[in-house]
Amino acid sequence: MAQSLKSKLSPLKRSEVLEADPDVAYDDTYKDQPPVDTTSVTETLYQHIYENGRTYHRYQAGKYFMPNDEKEMDRLDLQYHMLNLMYGGRIYFAPLENPRKMLDLGTGTGIWAIDMADKFPNAEVIGNDLSPIQPTWVPPNCRFEIDDIEQEWTHQKASFDYIHARYLFGSIENWPALIDQIKIHLTPGGYVEFQETDPSGPCSDDSTVPPDSLLSQFCAQMVHASLIARRPANIARHLKSMLEVAGFEDVHEKVFKLPTSHWSRDRMMKEIGWYNYVNCVDGGLEAAVLALWTRYLGWKKEEVTEFVKRVKEEMKKGGMHSYWKSYVVYGRKPAKKQKDDKEDDRRENTATASGICMHGQEGGGYGITPPTGSP
């Protein structure tokens, strides 16, 4: 039974097709379903910033586009459970062997760091974030810091056996520079792992998602705003090549399909889709774009709310067998110092990635306009 469950949740190849359940009902079903610089923490940091009815981080204000209030923390914990289902119960994929020290970048509510501390009680686990929203009651081998990972790190170089990051898309301006920082602070033979979803979609295996659907417009507009902010959201598909150019070895990429709702015939994918549907409709969609669109596209809060409402209505009607691609990418720092550290290649990669996805098809959303009457 356990083997069967694991096989159902194994990574899906690009060529595999998710089969839709013809008996799925959408109307009114949603409401009936239950499954669903290192800085010391000061009073000022806890005050946050109030904007459009939500709160956001005060430290390095504006770098991260998602809110940090209680509603968002609840959504993050639900999302964590959803991803655990999609990953077959795994919270990491790199082949770790007795790690002594681990770092979680952008730890959010800290739930991943806490789980890793429980799993590896002899290891020190550090989680950092721009927002002080982590619990104080944690395992003795786990601690949290308020830190900006885009600044020079204060940790000792070559001190971490494993560095993990999940859902940083849309929050980093210079990815190659971040990857270089990670490499510098990993021990020889240490691993880095990224777990990122690409919001550029949505994708479909049976052409049931029209390019002019509201969900497609939502995704394209979100990516467009992130590019204007110079913090690309569509970064997941580029991470493997970035790690390779930075000199990491044994780089692996696993691609999963994350259904946007419960349309799949497969039992486990249906459950994952339910969680994602709740994740989106219960505030995830609006949280993802409220700051981006009002700050960078000139939309008003009421216009964002109205457009998101229409997207949710479209999702509730059903008929679109859509999913996002979710990537797990991990690689190993060479055990021995390389004679050629590929500095020139990294500089070129940094220059390229700083304008990543700024042109052509990748920049989708340039022709999309806000609802009638919007700026």
Side-chain angles (χ1 to χ4, degrees), residues 37-39 57 59-66 94 102-108 126-131 145-188 190-196 198 223 225-249 251 253 292 296 327-334 337-338 340-359 362-363:
D37 341 352
T38 305
T39 303
H57 65 95
Y59 177 58
Q60 300 287 39
K63 281 198 168 186
Y64 186 54
F65 63 98
M66 297 289 281
M102 295 180 276
L103 178 63
D104 184 28
L105 305 178
T107 193
I126 302 173
N128 62 31
D129 202 277
L130 294 172
S131 291
E145 299 175 343
I146 306 306
D147 202 0
D148 180 1
I149 59 175
E150 293 190 285
Q151 302 296 319
E152 195 72 23
W153 292 12
T154 58
H155 295 287
Q156 181 180 347
K157 295 180 180 179
S159 61
F160 292 101
D161 301 301
Y162 177 60
I163 297 178
H164 166 271
R166 175 184 287 186
Y167 276 38
L168 292 183
F169 67 85
S171 61
I172 302 299
E173 183 172 0
N174 192 330
W175 278 89
L178 174 63
I179 291 172
D180 276 347
Q181 286 258 53
I182 290 171
K183 188 178 180 183
I184 289 170
H185 288 83
L186 280 172
T187 58
Y191 281 88
V192 60
E193 180 169 336
F194 293 105
Q195 298 176 3
E196 298 288 341
D198 188 348
V223 171
S226 77
L227 298 181
I228 294 176
R230 302 195 65 79
R231 299 179 181 276
N234 53 346
I235 193 66
R237 73 190 83 165
H238 304 284
L239 290 172
K240 181 175 184 291
S241 62
M242 285 184 175
L243 290 185
E244 291 171 339
V245 170
F248 282 88
E249 299 176 340
V251 179
E253 178 187 82
L292 277 176
Y296 297 101
Y327 294 73
V328 173
V329 181
Y330 63 88
R332 184 182 68 247
K333 178 179 176 177
K337 186 176 181 180
Q338 297 168 311
D340 176 14
D341 64 1
K342 300 182 180 179
E343 185 65 34
D344 292 336
D345 286 345
R346 286 206 296 273
R347 286 199 189 99
E348 181 181 351
N349 189 40
T350 300
T352 301
S354 65
I356 198 166
C357 308
M358 289 292 188
H359 305 288
E362 297 282 7

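For clarity, every value in this text was computed on a predicted model and none was experimentally measured.
Residues satisfying the salt bridge (charged side-chain N to carboxylate O under 4.0 Å, His left out) criterion with E193, sequence neighbours excluded, are absent altogether.
Here the shortest heavy-atom pairing between Q156 and H185 reads O-CD2, 3.5 Å. Contact detail for P334 and G247: the closest heavy-atom pair is CG-O, 3.4 Å. Across all their heavy atoms, D180 and A246 have their closest contact at OD1-CB, 4.4 Å. The minimum heavy-atom distance linking L292 with A225 is given by the pair CB-CB, 4.0 Å. Scanning all heavy atoms of the two residues, the minimum distance from D147 to Y59 falls at C-CE2, 3.9 Å. Scanning both residues, D148 and K63, for their nearest heavy atoms gives OD2-NZ, 2.6 Å.
Between F160 and H155, the two ring planes are perpendicular [angle over 60°; tilted spans 30° to 60°].
A distance-only check finds no donor-acceptor pair linking the side chain of Q60 to the backbone of L130 [under 3.5 Å]. In this structure a side-chain-to-backbone donor-acceptor pair under 3.5 Å is missing from H164 to L105. Side chain of K240 to backbone of V329: no donor-acceptor contact under 3.5 angstrom is found. Between the side chain of E196 and the main chain of L168, a donor-acceptor pair closer than 3.5 Å is present. In this structure, K333 contributes its side chain and G190 its backbone to no donor-acceptor pair below 3.5 Å. For R231 (side chain) and S171 (main-chain N/O), a donor-acceptor pair under 3.5 Å exists by modelled atom type.
Expressed to the nearest 0.5 Å, how far OG1 of T154 lies from CG of N128 amounts to 9.0 Å. Taking CD1 from I235 and OH from Y327, the interatomic distance works out to 11.5 Å, rounded to the nearest 0.5 Å. For the atom pair CD of E150 and CG of L178, the computed distance is 7.5 Å after rounding to the nearest 0.5 Å. Distance check, rounded to the nearest 0.5 Å: CG of D104 to CD1 of I163 gives 10.5 Å. Of the inter-residue distances, the one linking Y162 atom OH with T187 atom OG1 reads 13.0 Å to the nearest 0.5 angstrom. For the atom pair CD (Q195) and OH (Y330), the distance works out to 11.5 Å, reported to the nearest 0.5 Å.
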Take R332 and F248, measure what side-chain contact (heavy atoms from CB on, under 4.5 Å) needs, and give me the verdict at the end. CA-CA 5 Å; R332 184 182 68 247; F248 282 88; 5.7 Å; no

Stepwise side-chain contact (heavy atoms from CB on, under 4.5 Å) test for L186 and D161: CA-CA 6 Å; L186 280 172; D161 301 301; over 6 Å; no

Show your working on side-chain contact (heavy atoms from CB on, under 4.5 Å) between L243 and F194 and close with a plain yes or no. CA-CA 10 Å; L243 290 185; F194 293 105; 4.0 Å; yes

Before you tell me yes or no, could you show the steps for L239 and V251 under side-chain contact (heavy atoms from CB on, under 4.5 Å), namely the whole-Å CA-CA distance, both residues' side-chain angles and the distance that decides it to 0.1 Å? CA-CA 10 Å; L239 290 172; V251 179; over 6 Å; no

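Within the 4.5 Å cutoff, the side chain of I149 has heavy atoms near those of the I172 side chain. With contacts defined as side-chain heavy-atom distances shorter than 4.5 Å, the pair W175/M242 qualifies.
For the residue pair T107 / D129, no side-chain donor-acceptor distance below 3.5 Å is found, with atom types taken as modelled.
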